[in-house]
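Note sheet for the following structure.
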Number of protein chains: 4
Amino acid sequence: MYIGRFVVVAPDFGAYRVSSRSFPNRQIVARDGTLTVAPTPDAPENDNPYVSYNCVREGGDGVVVGNGSHVDPIAEKLDLGYPARDALASSLLALDYEKDDYDTPRVAGVVGEESYVGIVRRDALLVESVSEPTLVATYEEDEPTAIDFDGDDPDAIAQDAYDLDYEHAVCAAGVTYGGGDVDVGFYNGA
Amino acid sequence: MYIGRFVVVAPDFGAYRVSSRSFPNRQIVARDGTLTVAPTPDAPENDNPYVSYNCVREGGDGVVVGNGSHVDPIAEKLDLGYPARDALASSLLALDYEKDDYDTPRVAGVVGEESYVGIVRRDALLVESVSEPTLVATYEEDEPTAIDFDGDDPDAIAQDAYDLDYEHAVCAAGVTYGGGDVDVGFYNGA
Amino acid sequence: MYIGRFVVVAPDFGAYRVSSRSFPNRQIVARDGTLTVAPTPDAPENDNPYVSYNCVREGGDGVVVGNGSHVDPIAEKLDLGYPARDALASSLLALDYEKDDYDTPRVAGVVGEESYVGIVRRDALLVESVSEPTLVATYEEDEPTAIDFDGDDPDAIAQDAYDLDYEHAVCAAGVTYGGGDVDVGFYNGA
Amino acid sequence: MYIGRFVVVAPDFGAYRVSSRSFPNRQIVARDGTLTVAPTPDAPENDNPYVSYNCVREGGDGVVVGNGSHVDPIAEKLDLGYPARDALASSLLALDYEKDDYDTPRVAGVVGEESYVGIVRRDALLVESVSEPTLVATYEEDEPTAIDFDGDDPDAIAQDAYDLDYEHAVCAAGVTYGGGDVDVGFYNGA
């Protein structure tokens, strides 16, 4: 099954995976603790505004994962003191689903003292706390659903997310939160 | 089971029911097409800010149902041109759950060209379109769930909502939408 | 000149005054540190939804003043960790101007570590930090303007606000903030 | 004087000008009626996220001008039916000032049936309707102020904005609105 981009959010860890049919020539790169999805050096030129973005960024005392430019304002609202629920809801509602051919939803999660998952679709805004590993994806699995997924090492979480049995894996990131510390990792395939 | 206040939202109709242990001496009264939950003449004095409110009010070309003061800004945002999703999400997020002993959620629905249901809890904001009759309540049933419920007459819908097998029914309202027309009714018990 | 309800916000103190032609039979009453505008015992019955509300309420480590039901969500968003700017802007935008015969604006202020003043009108949303005593009113003086006003005692601030040379004074409240402490006072006329 | 990026918003026309010390190698390019600020072919590589964005885009029955990525959600909220005031306020509040070395504000305007100007700063959110040509800039002139400026031709408006006596002009755009029609033009210097 092809479910597009997705996040997994658990109380103490999270993951984000790029799955893509149209833009497979992408990778995750790290800059100052922020992880960015960007074209590989050999990718064909394109001017799609949704191809490159920060997918992991620290905010408040936690960390944000997501599939687009909403990751930045969510992290910045956490820095200002917003609770995770409100940072997710206000940013997702303002930036809304992507205005592409698929009305692609925005998905995101916050892993921290309180961990939340969220999605904005053309027909819904869903933000809720998580008490177990929870997946939400841009297509098909587009409401938060429990998933069997464990993890305590960011690099291993990234690879496990990459290896999940959904089509067209491109790259993946993993994050952990514990005792106020955030760690991040990623995997761009073999 | 006691589930507190609840809404039922379907594509063409909706209902709102007051169930209450603490403030049973209430009734629905109509003023200019708006339905208001208010104390009965014999109710003991109280200064709880959540006891009296508009529970049904027209907005845009549809109609709003809900369990508190958020019904007004939702209707007013619809009048300004907001889509139902955005009117619900922004008003619920701003007014948030009630700061009482139970962190009582706010629930609401819009019945119109596109019908939506919503709830804000201390740990979630959920707003989504409905394609079948959907219930959401302040307690227990606090995420939108399909329910077997039919209706095309506002008064009958109100009475059916009142008669649903949940404890402590106090009063109920029913609304219908069709061809741009809104009709409302209510039932205060026998 | 008649300018309706108004707030004065300074870095360390604030005031709110009710001026009213239509509903002069009102007073401020204190309940658990919150100040409420309410009808006097001899006031004629009315069902105007904008007549009674909390006009002063602590929130976060500061205190909120304002002319309506928006005071509550502003205080509650401060409690959740929102900065003053965001608590004011999101609550004023959501609740919007009053839908009465005058499109009466909502005015508000936060006095605390950072003090802000705000107004939402049918044609504007203005929220800004204050570095000197600043007045904003529902009518005429409906954008924030510096005013000559001093104060360090809440009761005296309330009386000074009451005595300002604007028509139809009804009652007034004063607040101070210093070293993390909030104090409040009010004056209902002689 | 150097005032950075700025918009001019009038009831029937608007302008946006890039003034820049750090990134002067930029130009405006047109794509399907949207105007984009982008590096010139000879610009040095940079990864600043605020350098390239849509500065003019149609939305609802009007047109949006602005200095960053907020132009897109403002236009999209207008398309959904939001009034200009609300589209500006909610998008500016969500995306907030730029997290660069200058806390650069976001400025924007909507020219349409009702024309509005707005700015979000670290210490303010100001959105208001305009009844005369009004300028707001990222630095110095960072609250809306009347300006002597006329225009009815988009290309001439762009050139006039470029020629205004503020330092470091890079490129400029002009827009007009009349009878439901939007026209746009731009000027990249001689």
Side-chain angles (χ1 to χ4, degrees), chain A residues 7 9-11 62 70 73-74 77-78 80-99 103 105-132 134 136-138 140-146, chain B residues 7 9-11 62 70 73-74 77-78 80-99 103 105-132 134 136-138 140-146:
Chain A
V7 296
V9 184
H70 52 289
I74 293 169
K77 290 302 187 191
L78 293 174
L80 288 178
Y82 280 51
R85 187 199 63 169
D86 296 52
L88 282 164
S90 61
S91 299
L92 289 173
L93 182 63
L95 284 173
D96 218 335
Y97 63 94
E98 299 181 357
K99 305 309 185 297
D103 289 351
R106 292 181 189 263
V107 297
V110 174
V111 180
E113 271 309 296
E114 294 194 295
S115 296
Y116 276 77
V117 68
I119 182 171
V120 62
R121 307 191 313 241
R122 203 192 55 73
D123 65 348
L125 173 65
L126 308 176
V127 176
E128 59 188 49
S129 68
V130 300
S131 55
E132 61 186 331
T134 303
V136 69
T138 56
E140 308 295 334
E141 302 285 354
D142 64 357
E143 54 190 289
T145 310
Chain B
V7 296
V9 184
H70 51 289
I74 293 168
K77 290 302 188 193
L78 292 174
L80 287 179
Y82 280 52
R85 187 199 62 168
D86 297 51
L88 282 164
S90 61
S91 299
L92 290 173
L93 182 63
L95 285 173
D96 218 334
Y97 64 93
E98 299 181 358
K99 305 310 184 297
D103 289 352
R106 290 181 189 263
V107 296
V110 174
V111 180
E113 271 309 296
E114 294 194 295
S115 296
Y116 277 77
V117 68
I119 182 171
V120 62
R121 307 191 313 240
R122 202 192 57 73
D123 65 348
L125 174 65
L126 308 176
V127 176
E128 58 187 50
S129 68
V130 299
S131 55
E132 59 186 332
T134 302
V136 68
T138 56
E140 309 295 334
E141 303 284 353
D142 64 356
E143 53 190 288
T145 310

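First the proteins, then the strands, lettered A, B, ... as listed; each starts at 1. Quantities reported herein were computed from a predicted structural model and do not represent experimental measurements.
- Between Val127(A) and Leu126(B) the shortest side-chain heavy-atom distance does not fall below 4.5 Å.
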Looking only at N and O atoms, which donor-acceptor pairs between chain B and chain A are within less than 3.5 angstrom?
| residue | atom | partner | partner atom | Å |
| --- | --- | --- | --- | --- |
| Arg85(B) | NH1 | Asp96(A) | OD1 | 2.8 |
| Arg85(B) | NH1 | Arg121(A) | O | 2.8 |
| Arg85(B) | NH2 | Asp96(A) | OD1 | 3.1 |
| Arg85(B) | NH2 | Asp96(A) | OD2 | 2.6 |
| Asp96(B) | OD1 | Arg85(A) | NH1 | 2.8 |
| Asp96(B) | OD1 | Arg85(A) | NH2 | 3.1 |
| Asp96(B) | OD2 | Arg85(A) | NH2 | 2.6 |
| Arg121(B) | O | Arg85(A) | NH1 | 2.8 |
| Asp123(B) | O | Ser129(A) | N | 3.0 |
| Leu125(B) | N | Val127(A) | O | 2.8 |
| Leu125(B) | O | Val127(A) | N | 2.8 |
| Val127(B) | N | Leu125(A) | O | 2.8 |
| Val127(B) | O | Leu125(A) | N | 2.8 |
| Ser129(B) | N | Asp123(A) | O | 3.0 |

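- Checking each of Leu125(B), Leu88(B), Leu93(B), Leu92(B) against Leu125(A) for a side-chain contact (heavy atoms from CB on, under 4.5 Å) leaves exactly one that passes, namely Leu125(B).
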